[in-house]
Amino acid sequence: MEELPKAYNPSDHEASIYKMWEDSGAFTPTTVSSQPSPARSAFSTADAGGAVSREDKISSGKRQTANGKPFVISMPPPNVTGKLHIGHALFITLQDILTRYHRMKGEPTLWLPGTDHAGIATQTVVDKALQKKGMSRRELGREKFVEEVWKWKEEYGGEITRQLRSMGASCDWSRERFTLDEGLTLAVKEAFVDFYRKGLIYRGEYIVNWCPKCATAISDDEVEHKSQTSKLYYFKYDKNFPIIIATTRPETKFGDTAVAVNPSDKRYAKFVGKQFEINLDGVKRKIKIISDRIVDKDFGTGAVGLTPAHSMTDWKMAESHDLGKIKIINERGRMNENAGKYAGLKVLEAREKLVEYLRQNNLIEKEEDFENNLSICYRCGGAIEPLPSLQWFVKMKPLAEKAKKAVEDGEIKIVPKRFEKVYFHWMDNIHDWCISRQLWWGHRIPVWYRQDAKLEVKRVKGKVWDLKIYGRDIFNGIKNGTKTIELRAGRPETDEKYWGKFKAGDQSEFRLADENNDQIIKDEKPIVKSIKKVTHFDNFEELFANYKAEDDYPGKSKKELVEWWTKRFKERIEKHGIWVFELENSEIENSSDSEIYVGTTPPRGEGWIQDEDVLDTWFSSGLWPFSTLGWPENQLKVKRVKGKVSDFEYFYPTTIMETGYDILFFWVARMIMMGLELTGRAPFKTVYLHGLVRDEQNRKMSKSLGNVLDPIDISDKFGTDAMRMALVVGTTAGNDIAVGESKIQGYRNFANKVWNIARFVITNLENSKGVIPGKDPESRSPMSERFASDSRMTNQDKKDLEEFEKLKETVTKALDNLEFSRAGEHLYGYVWHEFADKIIEESKKRLEKEGPDKEAAIAKLTVILIDSLKMLHPFIPFVTEAIWQSLPTGLKDEKLLISSKWPE
RNA sequence: GGUCGCUUAGCUCAGCGGUAGAGCAUCUCGUUGACAUCGAGGAGGCCACUGGUUCAAAUCCAGUAGCGACCACCA
């Protein structure tokens with residue numbers, strides 16, 4: 001045997017050891033219910049450090065057989081395009097400890113890895129990369145863009161899993177999943193359809209959190225609040241209005257439909273129920289005075305201007321008081337034409353301009369500084385603009401009740417327990433979950449719509465325009481008859497959704513203009529009678545009959561232009577469909593109600609258009625514990641192949657969900673709700689929540705502070721084992737942990753200590769003869785037991801071994817109770833200060849002279865070393881395995897430490 | 001505003017009814033045949049504060065103060 005180097009150098013071993021584990025098949029449990037093989041074959045292969053033979057692979061595979069209760073962890077899937085950070089290193093360590101421990105205990109153990117497609121995050125990353133190349137998402141179009149993202153995923157998606165491997169993660173790569181895999185996509189569709197059929201999913205127009213920067217709706221949970229100082233303005237809409245209102249967002253006041261006061265507020269009692277006509281810098285509105293208990297008498301003037309379309313609370317009040325909702329801000333964060341001459345301005349520009357107007361007209365009573373919370377998007381950090389919008393929602397109340405009960409009844413245990421209260425509170429105050437996202441990267445909503453394939457345009461009747469057609473940036477300023485309706489350009493793809501968000505009965509967004517210009521005719525807005533989307537239209541001739549296109553394109557003949565427009569329209573209509581608005585006093589011939597189809601496969605027949613939106617990333621991650629195991633196929637056709645069970649049947653429900661407390665609501669709660677609803681069972685029995693990794697001074701790690709620890713750098717410098725140990729010791733469930741280089745260095749020293757302990761013991765084993773314990777590999781009884789009755793042992797030896805037995809108990813119990821730190825600390829303390837400092841030191845004298853006493857000493861050292869290595873292995877897998885490979889074959893129950901038996 | 005935590009040695013944290021603990025830092029001494037990524041030893045704490053329960057409280061209860069997190073949000 002070659003001499004062991006004095007110091008343990010992690011980089012000499014880690015990569016090859018990982019490969020050895022992976023090649024051995026140790027990561028993969030099997031569900032074949034065959035008898036466990038005695039696995040003795042490992043001993044027949046003499047060369048300990050050599051290549052693993054095919055025979056060994058088989059034997060390792062069989063070792064994890066399906067004859068016990070399986071131990072299962074679903075790995076929280078990191079973002080595919082993400083990069084490993086210290087938080088990942090923490091969860092890998094904790095989950096790997098559990099996995100290795102249970103595997104060594106002989107349980108069929110599955111740790112299922114995978115990655116998440118992470119909708120907005122990934123789309124943004126790829127979008128930015130394209131922009132650098134001078135391309136844009138819109139130019140590419142949906143299909144091409146999604147192709148680009150897939151290319152990106154193929155190129156960079158492997159990075160994160162390579163890094164997971166370098167952390168020693170002993171997960172089953174043969175079962176690796178990605179949230180956009182075929183099987184998982186099917187699960188998503190199945191879940192959606194199931195919920196829809198049960199009435200748990202609905203589509204509706206509600207005020208949502210809209211992120212103008214990401215150009216998508218986001219859920220309430222994705223909104224963060226940042227406190228900031230802003231101005232609170234006290235003012236009147238106009239001179240004749242009797243009440244002064246206070247607001248931080250004057251620009252939204254163009255959308256006001258009421259002023260609300262508290263019912264008990266005597267100051268305003270005489271106005272309640274009355275209606276006032278106002279003129280706010282040219283925009284005329286009818287303002288009703290209402291009373292509602294939500295209004296705080298003492299805030300501001302005690303009177304609130306209600307902007308139902310752009311404030312969550314105002315929306316709710318407007319619903320209960322049956323008030324109109326006027327949208328004045330569009331999806332790009334700009335004022336729309338309902339804001340009169342402010343149309344087109346960005347929100348903040350409009351605010352400045354309006355405040356200036358109010359000042360000049362002496363309408364402002366006062367301005368004061370005010371501390372309030374700004375809603376920002378947790379992805380991009382941009383300001384959230386609440387908007388009414390047509391979206392899909394999940395009805396959460398019924399799901400939450402079940403989910404709450406599962407924890408109350410102890411079906412699911414949350415560690416630490418205090419998070420159960422937080423969980424209950426969330427469940428009790430749950431609101432419906434907006435699941436549609438206006439993105440291209442993700443699971444497309446499995447809903448199709450069909451409207452009439454043919455549409456006839458009817459001529460105008462009466463004064464007001466009756467019928468108009470909307471496509472994407474086309475149809476702008478079409479003249480028809482004597483008057484013109486403005487057909488707005490739809491620049492970003494989101495506008496198409498936007499146009500589709502009118503309901504019959506709404507005031508239309510567009511304005512009426514005369515034939516010379518697009519000036520508004522009076523203040524009237526046409527009322528939308530119906531809205532339809534069509535994909536086929538061929539009545540262009542009539543449509544363009546009165547269109548004086550040549551005005552805008554001098555030099556072109558009308559015929560040329562009509563041809564050109566027609567060609568362009570046809571293409572676009574076929575690709576995207578067009579929105580048709582039937583306005584007041586108009587008729588559409590041949591129309592019929594639109595149809596909706598919800599299913600896992602596209603509908604048959606012509607003219608179906610799939611919903612453009614994709615689902616929130618958390619919708620698919622909510623299915624993770626079972627979608628990764630083959631649900632729903634195995635659920636639907638329970639085919640029992642003789643002697644074989646499916647992954648879903650065998651491994652579900654999983655055992656432990658280990659993740660950060662920061663995603664308790666985002667993810668854990670949703671997995672529980674969706675798991676209970678779809679599989680009828682809680683997806684896991686225990687939730688273990690870890691905290692955030694902070695720096696040595698307990699500050700959050702951030703680039704600006706320069707205190708970010710890169711796990712890859714750290715493990716290069718100190719070894720993966722050192723980092724793992726540093727992340728575990730001193731860490732308790734649910735609490736943040738402070739880690740710095742000095743702590744990691746301390747555990748690097750520990751890894752080296754273990755190495756040198758082994759070096760000492762191995763050297764003495766080699767120098768002695770005939771005293772190698774454990775000669776009987778068939779015997780599975782613990783070696784310490786075999787030596788307890790050995791006559792060569794002194795009383796001290798027996799005491800030491802008893803002490804060691806206690807350690808085993810402590811460590812095993814701690815791991816069973818998920819007390820990682822406790823287990824790690826005890827091992828550290830024992831191995832260093834008991835085993836090395838006392839037992840080894842004491843043995844040195846005894847080793848000087850041949851004889852029974854030396855034999856006893858060596859036996860004791862060996863016994864303690866072997867079982868210590870085993871217990872340390874889940875924590876510091878690389879050093880312990882490296883040492884194991886240097887041990888004489890006869891001492892080992894398995895060729896690889898990872899597959900060896902946990903000492904009991 | 002609501003909820004949940006935290007406050008123990010210089011630092012980071014365990015302990016959660018029975019004589020104050022660990023790691024790091026610090027001090028003294030030692031050590032070149034397992035390991036200097038080492039060994040032996042020491043110093044360092046009214047366990048935030050105030051009351052209560054108890055034979056006994058860092059530990060249980062109530063309150064106070066500081067810190068932190070989460071949820072909600074007042075326009």
Side-chain angles (χ1 to χ4, degrees), chain A residues 4-9 220-221 223-225 227 230 232-234 245-250 252-253 256 259-261 294-307 310-314 317 370-375 416-426 428-431 661-662 664-665 691-692 694-698 700 718-719 722 725-726 729-732 734-764 819 821-822 824-826 828-829 832-833 836-838 840-841 843-844 847 861:
Chain A
L4 295 172
K6 263 184 143 180
Y8 170 67
N9 183 10
D220 294 350
D221 311 273
V223 178
E224 282 178 358
H225 301 281
S227 123
S230 54
L232 185 63
Y233 301 95
Y234 291 71
I245 56 167
T247 183
T248 52
R249 297 197 61 188
T252 63
K253 299 292 109 183
D256 281 14
V259 163
V261 298
I294 297 175
V295 181
D296 181 354
K297 274 198 287 191
D298 303 323
F299 185 87
T301 60
V304 196
L306 286 194
T307 320
H310 299 286
S311 152
M312 296 287 174
T313 42
D314 293 3
M317 273 194 261
F370 176 63
E371 190 82 13
N372 74 340
N373 280 323
L374 182 69
S375 295
K417 206 170 163 47
R418 72 183 136 93
F419 278 97
E420 289 186 359
K421 282 183 194 167
V422 184
Y423 173 87
F424 291 144
H425 182 261
W426 189 73
D428 287 338
N429 296 287
I430 201 146
H431 28 248
Y661 65 73
D662 51 330
L664 178 61
F665 306 135
L692 255 49
R694 292 162 174 273
D695 78 355
E696 271 168 314
Q697 282 118 54
N698 227 340
K700 267 193 180 164
F718 300 105
M725 199 73 178
V729 178
T731 308
T732 43
N735 290 329
D736 293 350
I737 52 175
V739 176
E741 284 209 3
S742 70
K743 187 173 180 188
I744 297 161
Q745 196 177 329
Y747 291 103
R748 189 266 318 260
N749 296 355
F750 177 63
N752 189 59
K753 187 78 186 180
V754 174
W755 177 259
N756 276 292
I757 288 169
R759 205 157 73 92
F760 177 82
V761 177
I762 290 169
T763 309
N764 281 291
E819 296 169 308
S821 177
R822 200 173 133 79
E825 251 182 272
H826 274 90
Y828 177 97
W832 199 320
H833 302 300
D837 292 348
K838 299 212 172 76
I840 289 185
E841 288 305 318
S843 74
K844 283 180 178 168
L847 294 171
L861 292 176

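Residue numbers begin at 1 in each chain, while the letters A, B, ... track the order of the sequences.
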Dump every N/O contact between nucleotides 12-17 of chain B and the protein below 3.5 Å, one line per pair.
residue : atom : partner  : partner atom : Å
B:rC13  : OP1  : A:Asn698 : OD1          : 3.4
B:rC13  : OP1  : A:Asn698 : ND2          : 2.6
B:rC13  : OP2  : A:Asn698 : ND2          : 3.2
B:rA14  : OP1  : A:Thr732 : OG1          : 2.8
B:rA14  : OP1  : A:Asn735 : ND2          : 3.2

Counting only side-chain heavy atoms from C-beta out, which of [options] sits nearest to [X]?
X: A:Val422; options: B:rA34, B:rC70, B:rA75; value: B:rC70
X: A:Lys253; options: B:rC71, B:rA34, B:rA75; value: B:rA75
X: A:Lys844; options: B:rC70, B:rG5, B:rA34; value: B:rA34

- Item | Under the ring-ring contact (aromatic ring centres under 6.0 Å, His included) test, residues paired with A:Phe750 that sit two or more places apart | A:Tyr828
- Query: What residues form a ring-ring contact (aromatic ring centres under 6.0 Å, His included) with A:Tyr234, not counting sequence neighbours?
  - Reply: none
- Task: Describe, in one word, how the ring planes of A:Phe299 and A:Phe370 are oriented to each other, choosing from parallel (under 30°), tilted (30 to 60°) and perpendicular (over 60°).
- Result: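 Because their plane-to-plane angle is over 60°, the rings of A:Phe299 and A:Phe370 count as perpendicular.
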Between protein and nucleotides 38-45 of chain B, what N or O pairs are separated by less than 3.5 Å?
residue : atom : partner  : partner atom : Å
B:rC38  : OP1  : A:Asn749 : ND2          : 3.3
B:rC38  : O3'  : A:Lys753 : NZ           : 3.2
B:rG39  : OP1  : A:Lys753 : NZ           : 3.3
B:rG39  : OP1  : A:Trp832 : NE1          : 2.3
B:rG39  : OP1  : A:Asp837 : OD1          : 3.3

- Query: Looking just at side-chain N and O atoms, do A:Asn735 and A:Tyr661 make a donor-acceptor pair shorter than 3.5 Å?
  - Reply: no
- Item | Under the side chain to side chain contact (heavy atoms under 4.5 Å, CB included) test, residues paired with A:Ser311 that sit two or more places apart | A:Thr313, A:Asp314
- Which string of ( ) [ ] | and . matches RNA chain B, if you list each base 5' to 3' and count Watson-Crick or G-U pairs only when both distances are under 3.5 Å? ((((((((.[[[[.)..(..]]]].(((((.......))))).....[[[[[..)....]]]]])))))))....
- Any side-chain heavy-atom pair from A:Ile840 and A:Ile757 closer than 4.5 angstrom? yes
